[in-house]
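Along the sequence shown, residues carry numbers from 1.
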Amino acid sequence: MATSQSLSQAAGAPGRKRFFSTFCPPQVLDKDCQKIQEAFIKSFTSKDPCNVTEQDYQLFIELTNEIVPCDKTVFWSKTKELAHQYTEIQQEMFTLENTLLGYIVDGLRWCGDAGSSEINYKSCPDWREECFNNSVSVFWNAVSKRFAEDACGVVHVVLNGSLIKAFDEKSTFGRVEIRNLHPQKVHTLQAWVMHSIGGIASISCSSSSIFNLKTIINERNITFTCQDNYRRGTCMGAKCSMRTFAANEGA
Ligand code: ZNA
């Protein structure tokens, strides 16, 4: 069973009250927030935590209803920290976690129980070891799908060039996000291949892993472009700040 931070810990146990009041970012009106959090909790409570469906999260997804402007979507895979450092500086760019869909439970685990209408504050199944259709994995699949379906213009992805598989077809990005881009709306996928602190620069835009991504994207009638940023101080995107990479490289 999972030991990472649970909803109850995030709220401060017993915490249900605090959980409710801290669930949404300040710009979301209280009454909308209340509805959204109720829909979220109903998605997985009273259910077997290993048998949740994407359909279960649909009402929650419909209620969040947030639009990211064209050209401003940022996906990431094995680069969570770097991608978020980037959108922190480039405030007009959005990862899933910068939108309401992903913001509210990012970094948390949650589940219910078939025999109770309460949130299970004790333990939840681990997605790697116990079951695939658990409340957390199904949630990320469902919201990642929606985030990708809504994208338009140029979309960006931050990939980890210090891993052998900078692009992993089994990742959420590979399985869900690229498969749900609409070619009628998205004309280009721009990949940024980044190398992490002290890591080896094993993968570049010309490597086979990236070529595999290019092939899948081109088959979907979307243009693929790729930019290597392996050198210290190189910028990500046209307007990026050098501070992003100074911080990431950590000296
Ligand atoms: N914020 C998240 O925790 C999260 C976000 C989890 C899964 C997916 N996403 C979306 S998809 C995000 O906005 C990115 O655009 C995409 C990143 O997903 P990825 O390509 O699978 O990248 P990753 O680095 O392998 O995984 C991201 C995080 O999710 C890591 O902490 C993983 O341990 C965790 N994770 C990956 N797959 C699952 C998972 N957690 C639960 N169930 C899974 N099947």
Side-chain angles (χ1 to χ4, degrees), residues 53-58 60-80 82-84 86-87 90-106 132-133 136-161 163 165-194 203-229 236-240:
T53 66
E54 289 189 28
Q55 187 57 37
D56 291 331
Y57 286 108
Q58 284 317 302
F60 162 76
I61 289 174
E62 296 311 323
L63 289 174
T64 55
N65 194 30
E66 202 176 12
I67 307 291
V68 172
C70 288
D71 308 328
K72 306 301 183 198
T73 294
V74 179
F75 299 118
W76 53 267
S77 195
K78 315 275 184 308
T79 52
K80 185 173 186 181
L82 181 58
H84 289 100
Y86 174 68
T87 58
Q90 295 293 313
Q91 291 273 331
E92 82 284 6
M93 305 294 279
F94 296 89
T95 63
L96 173 57
E97 296 73 22
N98 296 137
T99 71
L100 202 48
L101 273 181
Y103 173 91
I104 53 170
V105 287
D106 186 27
F132 191 69
N133 290 330
V136 178
S137 300
V138 170
F139 171 85
W140 287 113
N141 285 343
V143 295
S144 300
K145 178 169 184 256
R146 180 55 171 257
F147 186 59
E149 283 171 346
D150 286 348
C152 51
V154 184
V155 299
H156 309 85
V157 61
V158 184
L159 296 174
N160 190 334
L163 300 175
K165 275 194 172 176
F167 168 63
D168 179 0
E169 273 195 72
K170 296 197 191 95
S171 67
T172 316
F173 172 67
R175 269 185 307 114
V176 180
E177 293 180 325
I178 56 173
R179 312 268 167 194
N180 284 287
L181 295 172
H182 286 196
Q184 305 88 326
K185 292 195 292 177
V186 173
H187 59 80
T188 303
L189 174 75
Q190 158 92 65
W192 288 314
V193 179
M194 306 304 300
I203 295 294
S204 68
C205 285
S206 53
S207 68
S208 64
S209 162
I210 301 297
F211 186 75
N212 185 19
L213 172 60
K214 174 181 163 53
T215 307
I216 295 170
I217 291 298
N218 289 161
E219 273 169 3
R220 304 213 56 226
N221 288 327
I222 296 171
T223 304
F224 179 78
T225 63
C226 183
Q227 192 178 329
D228 263 312
N229 287 287
M236 173 161 54
K239 290 189 292 174
C240 83

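- Note that the CG atom of Asp168 and the OG atom of Ser77 stand 6.5 Å from one another [nearest 0.5 Å].
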Check step by step if side chain to side chain contact (heavy atoms under 4.5 Å, CB included) holds for Val155 and Leu181.
CA-CA 9 Å; Val155 299; Leu181 295 172; 4.2 Å; yes

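- Take Asp56 and apply the salt bridge (Lys or Arg N to Asp or Glu O under 4.0 Å) test, not counting sequence neighbours, and it matches Lys47.
- Legend: residues meeting side-chain contact (heavy atoms from CB on, under 4.5 Å) with Gln58, ordered by chain and number and at least two apart, are Gln55, Ile61, Glu62.
- Minimum interatomic distance between Leu159 and Ala191 (heavy atoms only, all atoms of both residues): CD1-CB, 4.3 Å.
- Between the CG atom in Asn141 and the CD atom in Glu177 there is a gap of 9.5 Å [rounded to 0.5 Å].
- What you find for Pro69 and Cys152 is that their closest heavy atoms are C-SG, 4.5 Å.
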Check against side chain to side chain contact (heavy atoms under 4.5 Å, CB included), Val158 and Phe75:
CA-CA 6 Å; Val158 184; Phe75 299 118; over 6 Å; no

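- Note: Lys165 NZ to Ser207 OG = 12.5 Å, rounded to the nearest 0.5 Å.
- Evaluation of the salt bridge (Lys or Arg N to Asp or Glu O under 4.0 Å) rule for Lys185 yields no partner, not counting sequence neighbours.
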Kindly list each side-chain donor-acceptor pair under 3.5 angstrom involving residues 211-219, sequence neighbours excluded, with atom names and distances?
from: Asn212; atom 1: ND2; to: Glu169; atom 2: OE2; distance (Å): 3.2
from: Lys214; atom 1: NZ; to: Asn218; atom 2: OD1; distance (Å): 3.1
from: Thr215; atom 1: OG1; to: Phe211; atom 2: O; distance (Å): 2.8
from: Asn218; atom 1: ND2; to: Ile222; atom 2: O; distance (Å): 3.0

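- Remark: the Ser204 side chain and the Ser206 side chain contain an N/O donor-acceptor pair separated by less than 3.5 Å.
- Considering every non-hydrogen atom in both Trp140 and Val105, the closest pair reads CZ2-O, 4.3 Å.
- A donor-acceptor contact shorter than 3.5 Å is absent between the side chain of Thr87 and the backbone of Gln90.
- Taking Thr99 as the reference, Glu66, Val68, Phe94, Leu96, Leu101, Phe147 meet the side-chain contact (heavy atoms from CB on, under 4.5 Å) condition, with sequence neighbours excluded.
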Where do Asn133 and Thr53 land on the side chain to side chain contact (heavy atoms under 4.5 Å, CB included) test, with the steps shown first?
CA-CA 7 Å; Asn133 290 330; Thr53 66; over 6 Å; no

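- Residues that satisfy the side-chain contact (heavy atoms from CB on, under 4.5 Å) test with Phe132, not counting sequence neighbours, are Arg175.
- Distance alone, capped at 3.5 Å, places no donor-acceptor pair between the Thr79 side chain and the Trp76 backbone.
- What you find for Ile210 and Ala166 is that their closest heavy atoms are CD1-CB, 4.0 Å.
- In terms of the side chain to side chain donor-acceptor pair (under 3.5 Å) criterion, residue partners of Ser137 (sequence neighbours excluded) are, by chain and number, Asn134.
- Listed by chain and residue number, Glu149 satisfy the salt bridge (Lys or Arg N to Asp or Glu O under 4.0 Å) test with Lys145 (two or more places apart in sequence, or in another chain).
- Arg220 places no side-chain N or O within 3.5 Å of a backbone atom of His182 that could act as its donor or acceptor partner.
- Under the side chain to side chain donor-acceptor pair (under 3.5 Å) criterion, Thr223 pairs with no residue at all, not counting sequence neighbours.
- Contacts of Thr95 classified as side chain to side chain donor-acceptor pair (under 3.5 Å), with partners at least two apart in sequence or in another chain: His84, Glu97, Asn98.
- Applying the side-chain contact (heavy atoms from CB on, under 4.5 Å) rule to Cys205 yields the partners Val193, Cys226, Asp228; only residues at least two apart in sequence or on another chain are considered.
- Atom-to-atom distance recorded for Lys72:NZ and Glu92:CD is 4.5 Å, nearest 0.5 angstrom.
- Proximity of Phe173 to Ile178: side-chain heavy atoms (C-beta onward) are separated by under 4.5 Å at one or more points.
- Rounded to the nearest 0.5 angstrom, Gln190 CD and Thr225 OG1 are separated by 3.5 Å.
- Residues passing the side chain to side chain donor-acceptor pair (under 3.5 Å) test with Asp150, sequence neighbours excluded: Arg146.
- In this pair, His156 and Trp192 present their aromatic rings parallel. The plane angle is below 30°, not in the 30 to 60° band.
- One N or O on the side chain of Ser209 and one on the backbone of Phe167 form a donor-acceptor pair closer than 3.5 Å.
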